Amino acid sequence: MAITFDHVNFTYQPNSPFAATGLKDVNLTLPDGSFTAIIGHTGSGKSTLVQHLNGLLKPTSGQVQVDDFTLTSTTSNRHLKDLHQHVGMVFQFPENQLFDQTVVKDIAFGPLNFGFDENTAHDMAVQAAKTVGLPDNVLERSPFELSGGQMRRVAIAGVLASQPRVLVLDEPTAGLDPLGREHMMQMFEQLHEEQQLTVVLVTHQMDDVADYADQAVVMGHGEVLKAGAPQTIFNDPQWVYDQQLDFPTATKFAFQLQQKGFSFNQLPLTEQQLADQLADQLPAMDGKGR
Amino acid sequence: MAAMIEVKNLTYHYPEVAQPALDHISLTVEQGEWVAIVGHNGSGKSTLVRAIDGLVDFSEGEVTVAGIKLTPDSVWDVRKQIGMVFQNPDNQFVGATVADDVAFGLENAGIPRDKMIQKVDAALKQVDMAAFSDREPSRLSGGQKQRVALAGIIAMNPSIIVLDEATSMLDPHGRQTVMDVITKLRQSEKAPTIISITHDLDEAARAQRLIVVNDGQQLATGKPAEIFANEALLASSGLAQPFSTRLARSLAQQGSVHPDHYLSDTEMEDWLWQSHLTM
């Protein structure tokens, strides 16, 4: 599903003394099947932006187009059901939203709500549990008995069960250990590849931007400051630095090496890119090292 | 150095769970030491520090904190020695202003008002939050909230500060500011013993010693560089490979020279430059 933002403005509590700008003239295209990372400080408008993707917030002016669905200030809530089904949102710490007695019931809640009958919803839940790598023997257990990492998976399965075409992830790996984080990111990557899901990832992890995203959007003060391929964004280090954004680990390492005297034709963003360019500047293995 | 915390043969089962959360674990933390406890989600590291603070009733074993053996009678004396900062910055505020919040523990301890004001001011200065003392805690950033939580603990002057994934919900900048405060605190005259539970390699690297916990047992302990050098151990503790290790592996795949043992990032930079010069 392709998504377009056309001159979208959003004001919190408009026409009141507390009015505050949430989004300012946002124009953006997320192509069908793309993987977009949204980056920027806490308070830059990242979450406000993604809440427009499934109508949790409606533009004060301008419009958001999700496939053939148009969201404007006047769209009535009754018409949002389709959008809710097709755009799945995984919020921060989604395990806080678990509520049902068993894992499978919790996951089936979405499909049931979207009008699937109980058997179908159950099957969709079992399928989603498999997708996120939950073992069969937890399906009938209480979600609250599970470990933090597994609870997170149950919550994500609950979103995937309705078979959305767009997956919005707001810092989905926060609080997980590094291996758990890597497994989860690989799972999203796989969903993106195999089911051509359009993925929108809100993150502070620049390594994830470098490793997974084909497009990055930098937000600041409710505006899109820059949008483009990660390589394009990071290629202007001074600008990135001025925005007080971080760099991918490999890029930071490359900066240190540049100070020593190494040179890079293209700024490396991943460890693989760094190794490729370093290899040309190092002797071949000749009994030295391993 | 004297032992600040001694854990002997500690075992704890969560109700109705067959696998013990702590399985005959024994360890010692010296006075003034900064120890990082690492391990994957569910390895038992949080249960361990909760047991040390008397927050879980262990079934077997012994805990001694600052020479006090932990019993139902001594639990309050033990807790006076320990200040804990938890993961979620939003779950640990009680005061309407930053200063009120920092004062909460002191009020409970019956400290006279003039002395309390001094202590609150001093603690907020130590965490670089003095300018925020009249602000509402809920309006602060995550990093600022955690530093206020830390100030509340510093004001009580405990012998031990436990950071239970205290930076894991923060953005990189917030994480940095909290770690800087801890580093600064370590340089003060009566530096507290620090126990940080973390998944973050940079945070772990700042500690003097790592304790790797897995399945409720101490799997290994050593200096960060020693633990980082052990790839199998890192994998079983849920920690990421250090960047220098991954880069060395990628270089090997390229058929390029590469170091055959663990190097810190800075050592790796020097090593690469020296190798480049031999070309």
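Only a predicted model underlies this, so the values are computations on that prediction, with no experimental measurement involved. Proteins get letters first, then strands, A, B, ... in listed order; numbering begins at 1 in each.
The local environment of NZ in A:Lys226 is crowded, with over 12 non-hydrogen atoms from other residues, nucleotides or ligands closer than 6.0 Å. For CD of A:Gln101, the number of neighbouring non-hydrogen atoms (other residues, nucleotides, ligands) closer than 6.0 Å is 12 at most. For CZ of B:Arg209, the number of neighbouring non-hydrogen atoms (other residues, nucleotides, ligands) closer than 6.0 Å is greater than 12. Counting heavy atoms of neighbouring residues, nucleotides and ligands inside a 6.0 Å radius, atom NZ of B:Lys184 exceeds 12 of them. Within a 6.0 Å radius of CG in B:Asp57, other residues, nucleotides and ligands contribute 12 heavy atoms or fewer. Within a 6.0 Å sphere centred on CG of B:Asp90, other residues, nucleotides and ligands contribute more than 12 heavy atoms. Heavy atoms of other residues, nucleotides or ligands lying less than 6.0 angstrom from CZ of A:Phe99 number more than 12.
Neither the backbone nor the side chain of B:Asn88 has a heavy atom closer than 4.5 Å to any heavy atom of chain A. With a 4.5 Å cut-off on non-hydrogen atoms, B:Glu165 touches chain A through its side chain but not through its backbone. Both the backbone and the side chain of B:Ala240 come within less than 4.5 Å of a heavy atom of chain A. At a 4.5 Å heavy-atom cutoff, B:Gln241 makes no contact with chain A through either its backbone or its side chain. With a 4.5 angstrom heavy-atom cutoff, A:Asp280 touches chain B only via backbone atoms.
Atom CD of B:Gln176 is separated from atom CG of A:Asp246 by 9.5 Å, given to the nearest 0.5 angstrom. Considering CZ of B:Arg246 and CD of A:Glu271, their distance stands at 5.0 Å, rounded to 0.5 Å. The line from CG of B:Asp265 to OG1 of A:Thr249 is 9.0 Å long, rounded to the nearest 0.5 Å.
Side chains of B:Gln254 and A:Gln272 form a contact here, defined as non-hydrogen atoms less than 4.5 Å apart. In this structure, the side chains of B:Phe243 and A:Leu274 come closer than 4.5 Å at one or more pairs of heavy atoms.
The heavy-atom pair separating A:Pro283 from B:Thr278 by the smallest distance is CG-OG1, 3.5 Å. Residues A:Gln281 and B:His276 approach most closely at O-ND1, 2.6 Å, considering heavy atoms.
Contacts with chain A were tallied for B:Thr198, B:Leu272, B:Asp200; B:Leu272 has the most, counting heavy-atom pairs under 4.5 Å. Taking B:Arg249, B:His199, B:Gln87 one by one and counting their heavy-atom pairs under 4.5 Å with chain A, the maximum is reached by B:His199.
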Side chain to side chain contact (heavy atoms under 4.5 Å, CB included) between A:Lys260 and B:Asp270, worked out:
CA-CA 8 Å; A:Lys260 295 224 183 286; B:Asp270 290 336; 3.0 Å; yes
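Between A:Phe262 and B:Trp273, the two ring planes are perpendicular [angle over 60°; tilted spans 30° to 60°].
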